[in-house]
Enquirer: 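If you scroll down you'll find the structure; I have some questions about it.
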Number of protein chains: 2
Amino acid sequence: MKLSEGVEWGAHCAIVVAGLTGRATIPGKALAEYHGVSETYLLKHLKALVTAGIFESVPGPRGGYRLARDAAEITLLDIVEAIDGKQPAFRCTEIRQRGPTAVEACAYRGPCGINRAMLSAEAAWRQALAGHTLASLAAGVATTADPRVISGTQEWLARNERKSIS
Amino acid sequence: MKLSEGVEWGAHCAIVVAGLTGRATIPGKALAEYHGVSETYLLKHLKALVTAGIFESVPGPRGGYRLARDAAEITLLDIVEAIDGKQPAFRCTEIRQRGPTAVEACAYRGPCGINRAMLSAEAAWRQALAGHTLASLAAGVATTADPRVISGTQEWLARNERKSIS
DNA sequence: GGAGTGATACTCGGATATCTGGTGTCCGAGTTTTCGCGG
DNA sequence: CCGCGAAAACTCGGACACCAGATATCCGAGTATCACTCC
């Protein structure tokens, strides 16, 4: 089981975007450069965040991305599901209904016990992820990171963010 | 994120093997036929369970597989980790240390906040899986399954299990 | 000098190659059984 | 009838193809900016 690398990229980008002032935006190119990753590939994941309603995208020059709603209302689970999909990791293929001892399908009423256990475990995982908001994550970074990184990032943000036109 | 299909196979096989009497064994061929899956591919996963110390394998004619320890001492987590590996699903690549605002590596003391959150969520997932033992899963199947399936499986087991030689 | 208009530069978005890891298969090593033979 | 031995059959174990999904890239659609021209 492996989580898409894009989840990490998207989460880090979300924290950076959460640091924008007001309704300013930041272009994908800048986000890619900041994290040292491929720009074109990062755009793929940023679009997924837009589709999920986490980011808003503004086209054209002076365009870019910004949060679609307050950072306190965006959970880590939202980001993971936006990029990695909402499908459960475990997918029961009902192999209990195959083989020599199987009976007609309607006899298998409740879901397979293994499936139930796996899905409840995933529910615990999702609940844990939902306990972290973008705001809390950003606050954690702000308090633990090296002061030079913080000031450097703020300066870099000021240089790359695009003020809102409204 | 997707869990290997072999996890489902392994878990179902473990429940069947848990239903053997005493130290009897059952060959992989029979397990494959019972579940209607590829025999050669299933062997790959059964071997993983053997390597992990969950199953014991007996070679030669009248050989097969049996549990290496009591069913109450085998958790769903053991099976998942045996087949899918113990590596966490989320693997931090430290992209925070890349890009223009990065400083020397030793300045990044604690783990990345995102990584911490993801790993703690996975810990919750593992804990939930560890709460299900093979014994409890088998008991659940025994109480909820169709009576015809139960009797059919018992009959099938009696026909295919290999009594211990000791 | 100011307004209008066209070209321009920059942005995001979707379609297209490449590559790693899971999926599936085959053949070989090892062991117990079994049959045949000799005593 | 009993013991011995070799062949055989069946088991698991590791090495080899195949394929789907993630990874990575390029080109096209759209829009605010900017410069130029005309009034």
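Values below: all heavy atoms of this structure, side chains included; hydrogens, waters and symmetry mates excluded.
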Enquirer: Output yes when at least one side-chain N/O atom of B:Ser4 is less than 4.0 Å from OP1 or OP2 of C:dT23, else no.
Expert: yes

Enquirer: Measure CG/A:Leu42 against P/D:dC26 and give the value in whole Å, please.
Expert: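 Interatomic distance, CG of A:Leu42 to P of D:dC26: 16 Å.
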
Enquirer: If a pair satisfies side chain to side chain donor-acceptor pair (under 3.5 Å) and one of its residues is in residues 140-153 of chain A, list it, with sequence neighbours excluded.
Expert: A:Tyr34-A:Thr153, A:Asp146-A:Arg148, A:Arg148-B:Glu104

Enquirer: Please list each protein N or O that sits under 3.5 Å from an N or O in nucleotides 5-10 of chain C, with the distance.
Expert:
none

Enquirer: Please write out each protein N/O paired with an N/O of nucleotides 17-20 of chain C under 3.5 Å, distance rounded to 0.1 Å.
Expert:
none

Enquirer: Looking at residues at least two apart in the chain, or sitting in another chain, which of them share a ring pair (Phe, Tyr, Trp, His ring centres under 6.0 Å) with A:His132?
Expert: none

Enquirer: Whole angstroms only, please: what is the OH-P distance between B:Tyr41 and C:dC26?
Expert: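 Rounded to whole Å, this separation is 15 Å.
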
Enquirer: For side chain to side chain donor-acceptor pair (under 3.5 Å), just list the numbers for B:Glu161 and B:Thr21, CA-CA rounded to whole Å, side-chain angles, deciding distance to a tenth of an Å, and then say yes or no.
Expert: CA-CA 8 Å; B:Glu161 75 174 8; B:Thr21 59; 3.0 Å; yes

Enquirer: Mind checking whether A:Tyr41 and A:Trp9 have parallel, tilted or perpendicular rings, split at 30° and 60°?
Expert: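 Correct class here is perpendicular.
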
Enquirer: Measure from the side-chain heavy atoms of B:Leu43 and tell me the nearest of D:dC12, D:dT23, C:dT23.
Expert: D:dC12

Enquirer: A:Lys2 or A:Pro27: which one's nearest nucleotide on DNA chain C is closer to the 5' end?
Expert: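 Between the two, 5'-proximity favours A:Pro27.
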
Enquirer: Are there over 12 heavy-atom neighbours, none belonging to A:Lys2, within less than 6.0 Å of that residue's NZ?
Expert: yes

Enquirer: Report the residues that fulfil side-chain hydrogen bond (donor to acceptor under 3.5 Å, both in side chains) with A:Ser120, sequence neighbours left out, ordered by chain and then residue number.
Expert: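 side-chain hydrogen bond (donor to acceptor under 3.5 Å, both in side chains) check on A:Ser120 returns nothing, list empty.
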
Enquirer: Counting only non-hydrogen atoms, which of residues 82-97 of chain A are less than 4.0 Å from DNA chain D?
Expert: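 DNA chain D contact set from residues 82-97 of chain A: none.
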
Enquirer: Got a sec, which residues hit side-chain hydrogen bond (donor to acceptor under 3.5 Å, both in side chains) with A:Glu5, two or more places apart in sequence or on another chain?
Expert: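 Here no residue qualifies.
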
Enquirer: Within the 4.5 Å heavy-atom criterion, are B:His12 and A:Ile114 side-chain neighbours or not?
Expert: yes

Enquirer: Under the side-chain hydrogen bond (donor to acceptor under 3.5 Å, both in side chains) test, which residues partner A:Glu94, sequence neighbours left out?
Expert: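 Result, side-chain hydrogen bond (donor to acceptor under 3.5 Å, both in side chains) vs A:Glu94: A:Arg96, A:Gln97.
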
Enquirer: Is the number of heavy atoms from other residues, nucleotides or ligands within 6.0 Å of CZ (B:Arg159) greater than 12?
Expert: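 Atom CZ in B:Arg159 is crowded, with more than 12 foreign heavy atoms closer than 6.0 Å.
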
Enquirer: Looking at D:dG13, C:dC12, C:dT23, which one has an atom nearest to any side-chain atom of B:Tyr65?
Expert: D:dG13

Enquirer: On DNA chain D, nearest-nucleotide positions of A:Pro59 versus A:Leu3: which is more 5'?
Expert: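 Closest to the 5' end, via its nearest nucleotide, is A:Leu3.
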
Enquirer: Which value, rounded to the nearest 0.5 Å, describes the distance between A:Ile83 atom CD1 and A:Ser4 atom OG?
Expert: 7.0 Å

Enquirer: Starting at CZ of A:Arg66 and ending at P of C:dT11, how long is that distance when rounded to a whole Å?
Expert: 16 Å

Enquirer: Side chains of B:Leu67 and B:Leu134, heavy atoms from C-beta outward: is any pair under 4.5 Å?
Expert: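 When only atoms from C-beta onward are counted, B:Leu134 and B:Leu67 do touch, with a gap below 4.5 Å.
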
Enquirer: For the pair made of CE in A:Met1 and P in D:dG21, what is the distance, rounded to whole Å?
Expert: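 In whole Å, D:dG21 P lies 18 Å from A:Met1 CE.
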
Enquirer: By side-chain hydrogen bond (donor to acceptor under 3.5 Å, both in side chains), which residues pair with B:Glu33, not counting sequence neighbours?
Expert: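 Partners of B:Glu33 under the side-chain hydrogen bond (donor to acceptor under 3.5 Å, both in side chains) test: none.
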
Enquirer: Using nucleotides 16-19 of chain D, report all nitrogen or oxygen pairs with the protein that are shorter than 3.5 Å.
Expert:
none

Enquirer: Can you check the A:Glu8 CD to D:dT23 P distance for me, whole Å?
Expert: 11 Å

Enquirer: Is the backbone of B:Pro111 close enough, under 3.5 Å, to the side chain of B:Arg116 for a donor and an acceptor to pair up by distance?
Expert: yes

Enquirer: Quick one, which residues of residues 31-40 of chain B touch DNA chain C with a heavy atom under 4.0 Å?
Expert: B:Ser38, B:Thr40

Enquirer: A:Ala72: what forms a side chain to side chain contact (heavy atoms under 4.5 Å, CB included) with it, not counting sequence neighbours?
Expert: A:Asp70, A:Ala135

Enquirer: Is the CD atom of B:Gln127 crowded by more than 12 outside heavy atoms at less than 6.0 Å?
Expert: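 12 or below, so no.
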
Enquirer: Please report the distance, rounded to the nearest Å, between NZ in B:Lys29 and C1' in D:dA9.
Expert: 11 Å

